[in-house]
There are 2 protein chains.
Amino acid sequence: MNKLDKNEFRLTNQRKVILEELKKVKSHPTATEIYDMVRKKMPRISLGTVYRNLELLSNNSIIQKLDFGEAQKRFDGNPTTHYHINCKGCGRVDDVDMPLNQELDELAENATSYKVSSHHVEFSGFCVSCQN
Amino acid sequence: MNKLDKNEFRLTNQRKVILEELKKVKSHPTATEIYDMVRKKMPRISLGTVYRNLELLSNNSIIQKLDFGEAQKRFDGNPTTHYHINCKGCGRVDDVDMPLNQELDELAENATSYKVSSHHVEFSGFCVSCQN
DNA sequence: TAAAAATTAGTAATAATTACCAAATGATAA
DNA sequence: TTATCATTTGGTAATTATTACTAATTTTTA
Ligand SMILES: [Mn+2]
Ligand SMILES: [Mn+2]
Ligand SMILES: [Zn+2]
Ligand SMILES: [Zn+2]
């Protein structure tokens, strides 16, 4: 039951298509890549609308905004926490389907004076086509 | 034996002070914060020089460039891999002194088709002064 | 000491993201 | 329905972190 279901904001056509297109792919696209995808369905949408809605959707945990230290942020249609891997050759980002290591949070809580709430893991390496 | 020791680039005064000031603190400062620190010692240094040298030093593994999804990147005078925690209240970044979990790399390698070489962990939570 | 190479300060350019605003759209209720 | 009110959009301008450029300076080399 997120804010969309509760009608705290409208499911406009623009919003719907952005969400649909993002959920279709597992490539973790950037805002401009999403803009290009969406424009094929809605040629008149503006880049500002894409940014505004990606921000709204990620602030409301309907999608995720990811940062891999590249120039542009990436987006993930899957809002649940999971690990990612970034190819040092071509930059592609894939999911790592392994269970979250919850004990890490406890270990970090013992090692610091923080109240730890979550963690992110980002692996790096080389994808199949970059392994040579 | 890094490129500095091998004289592959010069240890200019600017470079020396940037490195010294960064190594003095454990606050993971941004480029402009380092600029402000360094300017107290070298009032005429330019921000471009700070950026250029931070880039050079991190490319040569003498320091680290870190990204916590904030507007500005942060820098770490400690080049060895270690985990960090980011306060959701005030944004401060601290080290998490716990051993690296090397098995994570193996688990990720089994879960993907990548050749995995390393991983980063970023915890989030609330620091002592933000716990209320 | 002359020439070559590296580095700097200062400034301009780039590029991702955010802010702004008038027009359009959709919801609400008399 | 119809008038009002709130939300959202497209288009564009502004912001800002970072990079690029360049002439001058410093250091190295021969
Ligand atoms: Mn993902
Ligand atoms: Mn650190
Ligand atoms: Zn690759
Ligand atoms: Zn805090």
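Computed from a predicted structure; not experimentally measured. Chain A is the first sequence line, chain B the second, and so forth, proteins listed ahead of strands; every chain is numbered from 1.
- Shown for residues 67-77 of chain B: residues whose heavy atoms fall under 4.0 angstrom of DNA chain D, namely A71(B), Q72(B), K73(B).
- For the pair D95(B)/Y83(B), no side-chain contact is recorded, criterion being any heavy-atom separation below 4.5 Å from C-beta on.
- Note on T49(A): a base of the nucleic acid sits closer than 4.0 angstrom, heavy atoms only.
- Taking a heavy-atom distance under 4.0 Å as the criterion, the stretch of DNA chain D touched by chain A extends 5' to 3' from dA6(D) to dG11(D).
- Under the 3.5 Å distance criterion, with hydrogens and angles disregarded, a donor-acceptor pair is assigned to the side chains of S117(B) and K88(A).
- Looking only at side-chain heavy atoms (C-beta outward), D94(A) and R92(A) come within less than 4.5 Å of each other.
- Looking only at side-chain heavy atoms (C-beta outward), T30(B) and Y35(B) stay at 4.5 Å or farther from each other.
- When DNA chain C is scanned 5' to 3' for any atom under 4.0 Å from a heavy atom of chain B, the first and last hits are dA5(C) to dG10(C).
- Residue R44(A) is in sugar-phosphate contact alone, with no base atom involved, counting any heavy-atom pair closer than 4.0 Å across all strands shown.
- Counting only residues at least two apart or in different chains, side chain to side chain donor-acceptor pair (under 3.5 Å) contacts with residues 120-132 of chain B comprise S118(A)-S124(B).
- Counting only distance, with no hydrogens or angles, the side chain of R15(B) and the backbone of R10(B) share a donor-acceptor pair below 3.5 Å.
- Scanning for side chain to side chain contact (heavy atoms under 4.5 Å, CB included) contacts around N78(A) gives D76(A), T80(A), H82(A), with sequence neighbours left out.
- Taking the nucleotide of DNA chain D with the nearest heavy atom to each of N13(A) and L47(A), the more 5' of the two is matched to N13(A).
- In this structure, E33(B) and F75(B) have side chains that are not in contact, with every pair of non-hydrogen atoms separated by 4.5 Å or more.
- Between K65(B) and R74(B) the shortest side-chain heavy-atom distance does not fall below 4.5 Å.
- Not counting sequence neighbours, the partners of E21(B) by the side chain to side chain donor-acceptor pair (under 3.5 Å) test are K24(B), K41(B).
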